[in-house]
> 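Below is the structure I would like to discuss, written out as structure tokens.
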Amino acid sequence: MDENNRLEDVLTLYGANSLRWPVEERDDLLRFIAEDEQANARFLSAKALDQCLQVGMVACSSAEEKNLSANIMMQIKSLEPSLVSSFKEAEGSLKDMKFFKKVLRPEGRFAEFSLLTASLILGVFIGLALVSGSYLEQEIQLAFLDNGIVLEQSLEDLLLGAEIL
Amino acid sequence: MSSSAENRDRDDRLMALIGQGDHQAFEVVVNDHLGRVVAVGTQMLGNRHAADDLAQDVMLKLWHHAKSWQSGRAQISTWLYRVTSNLAIDRLRANKTSQLDDDWDVVEQATQLQSLEEADLKKEVNQALQSLPERQRLVLVLFHYQGLTMSETSEVMESSVDAVQSLLARARAEMKKKLTKQWQGLLPDPVE
């Protein structure tokens, strides 16, 4: 296709910003513009129109955008306040749950330690219960020995086979 | 994963959260996209206040649409451009005329223009833009101002690439005609 016509089509559609031109045509057209005075003049006209259009660009200030965003969020929250209101809140309650889960279902070394402690405490209580029960029984038995002599002996002595005096 | 695939994946995850009522995920999307929705609305409707109303309606639609979002189909930006464009055109047709903001001068101050000449030029460019037929205006807003590619523009406008190219050529030709004095004033002085 004639380079003049092709340049005209490209400038009409895409303007003078060559980065927006079809890649396969870019180099040839730029070379044509550099070599041909009329092509260059048409390129400069397209560039001037682009500059003109650019003045019509709309910019939203960050303060305006922030206000608008806040209004939108207020509307949404008023529509459906009962749903999860924020990821942060969900994360917060999730953190609480994780804490409780750690206590109820300990993991890792904390689990081993806590189970060991629990069994030790339980064992001591059971042991004490057993010991105090048999000691009491034996005290009663000794109390009814011959001659009414009441002697108290420790369980240890009895176990070691010490003579009853 | 390519960057557009990554974006789509991120968008799908955000929309899934929004569909479950996650306000924070929704706020992320609003902050990411509100600027471009307002910009398209302003240039289509010629009126910043109307554009703000439009933007709120668009974002509410997004909130309600989240539950039926189909993952892997589109990016949030494409969906927002399409809904914004359609709503803007509906409003233009309902109102029959678009009105340049009476407070356009206020808008000018807000953008901190350097000179009165530039302020006048901005008003003239926007008047020319508002005088275009709706679809020519839209294609110029999407392609030229928002920087969408030809295929992205055709996807948003739900038209073929050929149809979009034809619209774009007519839109630029119209703007060139309406702003002859203005763009000729920007030409470099001929070298003697």
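All values below come from the heavy atoms of this structure, side chains included, with hydrogens, waters and symmetry mates left out. A, B, ... follow the sequence lines: proteins, then strands. Residue 1 opens every chain. A quick note: this is a predicted structure, and the numbers were derived from the prediction, not measured.
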> Do any of residues 37-45 of chain A come closer than 4.5 Å to chain B, heavy atom to heavy atom, and if so which ones, in number order?
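Within residues 37-45 of chain A, near chain B: A/L44, A/S45.
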> How long is the straight-line distance from CG of B/N126 back to CE of A/M57, given to the nearest 0.5 Å?
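Between atom CE of A/M57 and atom CG of B/N126 there are 11.5 Å.
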> Using non-hydrogen atoms and a 4.5 Å limit, figure out which bit of B/A173 sits close to chain A: side chain, backbone, both or neither.
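No part of it gets close to chain A.
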> So for B/T149, is it side chain, backbone, both, or neither that comes closer than 4.5 Å to the heavy atoms of chain A?
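When you check distances to chain A, only backbone atoms of B/T149 fall under 4.5 Å.
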> With a 4.5 angstrom heavy-atom cut-off, is it the side chain or the backbone of B/L129 that approaches chain A, or both, or neither?
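For B/L129, neither part sits under 4.5 Å from chain A.
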> Counting heavy-atom pairs under 4.5 Å with chain A, which one of B/L148, B/L140, B/T180, B/V40 comes out on top?
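The option with the most such pairs is B/L148.
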> Please name the residue in the list B/Q24, B/E27, B/M59 that meets the side-chain contact (heavy atoms from CB on, under 4.5 Å) test with A/M73.
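Single side-chain contact (heavy atoms from CB on, under 4.5 Å) partner of A/M73 among B/Q24, B/E27, B/M59: B/E27.
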> A/V55 and B/L186: same hydrophobic cluster, using ILVMFWY side-chain contacts below 4.5 Å?
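No, A/V55 does not connect to B/L186 through the hydrophobic network.
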> Checking an interface table here. Which of residues 17-27 of chain A come within a heavy-atom distance under 4.5 Å of chain B?
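From residues 17-27 of chain A, the residues near chain B are A/R20.
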> Roughly how far apart are B/D57 CG and A/Q75 CD, rounded to 0.5 Å?
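Answer for the CG-CD pair, B/D57 versus A/Q75, is 8.0 Å.
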> Under 3.5 Å, is there a donor-acceptor pair between the side chain of B/Q43 and the main chain of A/G56?
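Checking the backbone N and O of A/G56 against the side chain of B/Q43, a donor-acceptor pair under 3.5 Å is found.
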> Would you mind telling me which of B/D52, B/V141, B/V38 has the largest number of heavy-atom pairs within less than 4.5 Å of chain A?
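Going by pairs under 4.5 Å, I would pick B/D52.
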> Select all residues of residues 46-53 of chain A having any heavy atom within less than 4.5 Å of some heavy atom of chain B, and report them by number, or 'none'.
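Listed by number: A/A46, A/A48, A/L49, A/D50, A/Q51, A/C52, A/L53.
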> Which residues, numbered in order, of residues 152-167 of chain B come under 4.5 angstrom of chain A by heavy-atom distance?
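At a heavy-atom separation under 4.5 Å, chain A is reached by B/Q165.
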> Testing the basics here: between B/N31 and A/S69, what is the closest heavy-atom pair and its distance to 0.1 Å?
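Scanning both residues completely, I find the closest heavy atoms to be OD1-OG, 3.1 Å.
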> First locate atom NZ of A/K66, then atom CG of B/L34, and finally report the distance between them rounded to the nearest 0.5 Å.
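It comes to 13.5 Å.
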> Who among A/L13, A/I72, A/N71 has the most heavy-atom pairs with chain B under 4.5 Å?
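The residue among A/L13, A/I72, A/N71 with the greatest pair count is A/L13.
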> Within the 4.5 Å heavy-atom criterion, are A/I76 and B/V30 side-chain neighbours or not?
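Sidechains of B/V30 and A/I76: no contact.
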